[in-house]
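Notes for the one structure printed next.
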Amino acid sequence: MEDQTGKNSEEYGLKVYLCHAHHIYGSEAVHNNARIRHELQRTAQREFEKQHSHKEFMEIFGRNYLDPVEIRENSEKENEPV
């Protein structure tokens, strides 16, 4: 059964397709390698925040994967005139 984060990721298109070796098995699989998993989570949040706000990400996913400097930079871009 998929958790709510997985459902939200699916709904917002924050999904990557991986072979079994990189999904579940081996030292570089996202289920076995915290560094790689965290980088995918950071990339997903960056992509989400290109279309939505940081606040929306937090409301939907309930967890932040970006560092404070990157959040501030993204917030400043949101407030720039188009």
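- With salt bridges taken as basic N to acidic carboxylate O contacts below 4.0 Å, none links Glu10 and Lys7.
- Cluster note: Tyr25 groups with Ile24 through ILVMFWY side-chain heavy atoms spaced under 4.5 Å, whether in direct contact or through intervening members.
- Under a hydrophobic-cluster definition in which Ile, Leu, Val, Met, Phe, Trp and Tyr are linked whenever side-chain heavy atoms come within less than 4.5 Å, directly or via other members, Val30 and Val16 are assigned to the same cluster.
- Closest approach of Asp67 and Arg42 over heavy atoms only: N-NH1, 3.8 Å.
- Smallest separation of non-hydrogen atoms from Asn32 and Arg37: N-NH1, 4.4 Å.
- Summarising the geometry, atom NE2 belonging to His38 is positioned 9.5 Å from atom OG1 belonging to Thr43; distances are rounded to the nearest 0.5 Å.
- For the side chain to side chain contact (heavy atoms under 4.5 Å, CB included) criterion with Phe57, the lone passing option out of Arg46, His52, Glu49, Arg63 is Glu49.
- Under a 3.5 Å cut-off, the side chain of Asn8 and the backbone N or O of Phe61 do not form any donor-acceptor pair.
- The CE atom of Met58 lies 5.5 Å from the CG atom of Asn64; values are rounded to the nearest 0.5 Å.
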Full working for side chain to side chain contact (heavy atoms under 4.5 Å, CB included) between Ile36 and His22: CA-CA 10 Å; Ile36 291 173; His22 287 97; over 6 Å; no
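- When the shell of 6.0 Å around CD of Glu56 is examined, it contains more than 12 heavy atoms from other residues, nucleotides or ligands.
- Other residues, nucleotides and ligands contribute more than 12 heavy atoms inside 6.0 Å of the CD atom of Glu59.
- Considering all non-hydrogen atoms of both residues, Ala21 and Ala29 come closest at O-CB, 3.5 Å.
- The hydrophobic cluster containing Tyr65 does not contain Leu40, counting ILVMFWY residues as joined when their side-chain heavy atoms lie under 4.5 angstrom apart, directly or transitively.
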